[in-house]
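To start, the structure itself, in structure tokens.
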Amino acid sequence: MEPHLHAALRRGGFVLLVGESTAGKTRAAFEAIQLLRPDRDFVAPSARQAIDVLLDGWEATNGCVVWLDDLERFLGPGGLTTSTLHRLLLSDPQIIILATMRSHEYDRYRDRVEIELSGPAQEIWRQGRAVLRQAQIVHVERRWTETERERARALTTDPRLIRALAGDKRFGVAELLAAGPELVESWQHAWVPGNHPRGAALVAAAVDARRAGYHGPLPAEALQQLHEGYLSRRGGVELRPETFPEALTWALTPTVPAGANSLLLGDVEHGFLAFDYLIDLPAQDAIPEPVWVAVMNIASLHEAYTIACNVYLAGDFTIALPTFRRAAEAGFGQAEAILWELDAPMRPAQEGLIAAKQRARDLRGELGADCEETLMAESMVASFSLHCGHHIEAILLYRQLLSRAIPMLGENHRLVLGMEFGLASSVFASGSFDEGLPLLEAAVQKSTNTLGTKDPTVLDRRKCVIQLLIAAGRNGDALEQLAALEPDCTSLPAAHPIIVNLRRMATLLTDVQP
């Protein structure tokens with residue numbers, strides 16, 4: 001790993017270390033930059049919104065290192081996008097953007113994950129993936145090779161490292177130094193009645209806050225409120241829980257003496273953070289609704305929006321709506337598109353169209369016309385044109401977009417598939433039913449062939465076809481399509497917008513039948 005890391009840092013630009021929690025990513029990056037670029041200015045933004053401050057206010061005199069530990073904290077709206085990344089790299093030819101990311105978070109942006117997303121929420125994922133594709137990736141393995149262990153044994157006299165090198169080879173040396181396995185065992189054993197069940201509940205609440213997407217320290221008041229639900233679900237008073245101060249002291253105490261990590265990090269004044277190692281443990285339960293609501297309320301707007309998208313993808317649509325509305329009111333085009341998808345628009349389509357056009361103009365000027373992010377923004381303009389009833393304008397826009405997008409992205413790219421369905425919908429909605437219906441059927445079939453019958457985007461498009469048929473007064477065709485769609489939606493939760501719409505349309509079609 002070290003030769004690859006050193007070579008990447010010598011090339012400069014954007015370097016990303018990826019590895020499991022406690023693999024040693026942060027330490028490896030720090031030591032390498034100290035060795036190779038000790039004279040560089042060092043900048044560490046505290047949160048994603050600090051990226052804009054960095055762009056506006058930083059003037060490096062001798063190149064600099066921008067340090068983004070836990071890169072997922074900085075991805076998304078208001079943070080690091082391809083646009084801000086390019087602006088940073090162009091601001092200084094000597095700049096190095098050095099980042100770390102846990103494997104679990106990195107895997108969220110694999111191509112196979114895209115099939116689990118639907119509608120505008122895909123844009124968040126695509127923006128993150130586009131950023132990661134710009135990086136020089138250096139993989140840090142959790143377990144050391146025997147050669148690496150021998151080298152360390154020959155060079156160290158530190159008793160902590162000697163113990164770690166002699167430990168169970170199923171675990172990595174850095175993992176053992178961080179006391180990861182001991183921490184997990186301590187947490188699990190704490191649920192035993194009379195042991196530290198309240199402390200275990202505190203840790204569980206802090207872990208789920210981070211799993212939900214809240215990466216800052218959780219305020220003490222929020223932690224105290226949220227942990228009660230975990231304690232109650234595991235037995236409450238029957239567990240003979242300790243007092244809150246006792247529980248907090250236990251969770252903050254290093255599991256192994258001499259400076260090993262504790263289950264919680266932080267203090268009452270600044271808040272508490274669950275140790276990284278606990279977040280990626282397998283087979284964890286679903287995040288409770290109160291945790292989602294709490295972290296969306298205390299997060300910054302940009303982070304709250306990302307958390308709302310996580311809620312949306314998890315199927316808890318109702319609790320995400322207030323945050324989507326706040327984000328849409330603040331000018332987040334994706335949030336407004338999601339509200340339209342949920343049949344809860346925040347304003348008339350005409351106003352949404354004006355905002356979408358402005359965003360598309362801004363991105364064309366900043367990134368150019370042939371950037372995927374620009375094409376996505378222009379596709380939003382076409383979509384809002386359709387919502388406004390400007391069918392001919394929407395048809396022209398979609399045709400122009402397809403002529404540019406297909407050569408650049410390919411026939412089967414999700415964005416292309418969406419444009420083709422948008423074009424077919426615009427043609428049908430314009431009143432050209434005989435031309436539009438075959439186009440709709442072809443677009444849905446192509447999406448199905450490419451993405452699969454159970455893909456949420458495919459199901460949503462089939463639902464939209466039924467809505468278009470009902471609006472056109474073709475109730476017989478709509479009933480036939482509805483009967484074909486319902487069996488493919490059985491895996492969706494009862495509150496999913498597609499299921500809600502199907503029930504509404506079924507009732508409407510039943511009422512109008514002779």
Side-chain angles (χ1 to χ4, degrees), residues 14 45 47-58 74-91 97 119-131 133-134 300-306 308-309 324-341 345-388 390 393-394 396-398 400-405 408-409 413-416 418-419 422:
F14 181 23
R48 79 175 71 192
Q49 55 267 38
I51 297 290
D52 281 337
V53 177
L54 177 62
L55 284 166
D56 294 338
W58 177 256
F74 301 93
L75 295 175
L80 192 66
T81 63
T82 51
S83 170
T84 53
L85 176 63
H86 291 156
R87 287 166 62 195
L88 275 171
L89 293 174
L90 289 172
S91 67
I97 301 174
Q122 292 170 350
E123 186 171 346
I124 303 294
W125 178 87
R126 286 174 178 152
Q127 288 177 349
R129 182 186 62 173
V131 170
R133 285 183 169 178
Q134 306 300 310
S300 67
L301 182 56
H302 288 96
E303 189 170 31
Y305 172 62
T306 302
C309 286
F324 283 137
R325 290 196 182 99
R326 281 197 296 132
E329 289 166 0
F332 291 27
Q334 307 100 315
E336 187 165 2
I338 291 175
L339 289 173
W340 275 94
E341 183 176 294
M346 58 163 277
R347 59 182 172 182
Q350 190 63 46
E351 295 179 19
L353 176 60
I354 293 171
K357 285 182 175 179
Q358 183 59 53
R359 173 171 168 75
R361 281 195 294 269
D362 291 344
L363 287 175
R364 275 197 300 271
E366 189 174 339
L367 302 178
D370 293 328
C371 173
E372 182 177 341
E373 195 171 339
T374 303
L375 288 171
M376 290 164 63
E378 292 181 343
S379 181
M380 290 290 294
V381 173
S383 177
F384 273 108
S385 297
L386 175 56
H387 286 309
C388 290
H390 303 162
E393 181 180 344
L396 292 174
L397 285 171
Y398 275 123
Q400 292 168 2
L401 284 168
L402 283 165
S403 69
R404 292 160 50 203
M408 188 172 87
L409 303 175
H413 192 279
R414 276 185 176 265
L415 186 54
V416 170
M419 290 175 181

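- S383 meets the side chain to side chain contact (heavy atoms under 4.5 Å, CB included) test with H387, Y398; sequence neighbours excluded.
- Between R359 and M376 there is no side-chain heavy-atom pair separated by less than 4.5 Å.
- Rounded to the nearest 0.5 Å, atoms CG (L353) and OG (S385) are 4.5 Å apart.
- V131 has its side chain within reach of F14: a pair of non-hydrogen atoms, C-beta onward, lies under 4.5 Å apart.
- Closest heavy-atom contact between A328 and A335: N-CB, 3.7 Å.
- Between L415 atom CG and L375 atom CG the span is 6.0 Å, to the nearest 0.5 Å.
- Across R404 and A369, no two heavy atoms sit closer than the pair NH2-O, 2.6 Å.
- For V381 against A356, the heavy-atom pair with the smallest separation is CG2-O, 3.4 Å.
- Scored by the side-chain hydrogen bond (donor to acceptor under 3.5 Å, both in side chains) test, T374 finds no partners at all (sequence neighbours excluded).
- With sequence neighbours left out, the side-chain hydrogen bond (donor to acceptor under 3.5 Å, both in side chains) criterion links E303 to no other residue.
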(message) If you apply the rule side-chain contact (heavy atoms from CB on, under 4.5 Å), what do you find for Q350 with H390, and how did you get there?
(response) CA-CA 10 Å; Q350 190 63 46; H390 303 162; 3.3 Å; yes

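- A distance of 13.0 Å separates OH in Y305 from CZ in R326, rounded to the nearest 0.5 Å.
- The distance from the CG atom of L339 to the CZ atom of F324 is 7.5 Å, given to the nearest 0.5 Å.
- Here the closest heavy-atom approach between residue L401 and residue A382 is recorded as CD1-CB, 4.3 Å.
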Evaluate salt bridge (Lys or Arg N to Asp or Glu O under 4.0 Å) for K357 paired with E393, printing each intermediate quantity in order.
-> CA-CA 13 Å; K357 285 182 175 179; E393 181 180 344; 3.7 Å; yes

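- Between E336 and R347 there is a salt bridge, since at least one side-chain N of the basic residue sits less than 4.0 Å from a carboxylate O of the acidic one.
- Separating the CZ atom in R87 from the OG1 atom in T81 is a distance of 8.0 Å, to the nearest 0.5 Å.
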Decide side-chain contact (heavy atoms from CB on, under 4.5 Å) for D362 and Q358; before the verdict, give the C-alpha distance in whole Å, the side-chain angles of both, and the deciding distance to 0.1 Å. CA-CA 6 Å; D362 291 344; Q358 183 59 53; 2.9 Å; yes

task: Quick one: do M408 and H413 satisfy side-chain contact (heavy atoms from CB on, under 4.5 Å)? Show the steps, please.
output: CA-CA 10 Å; M408 188 172 87; H413 192 279; over 6 Å; no

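- To the nearest 0.5 angstrom, I97 atom CD1 is 6.5 Å from L80 atom CG.
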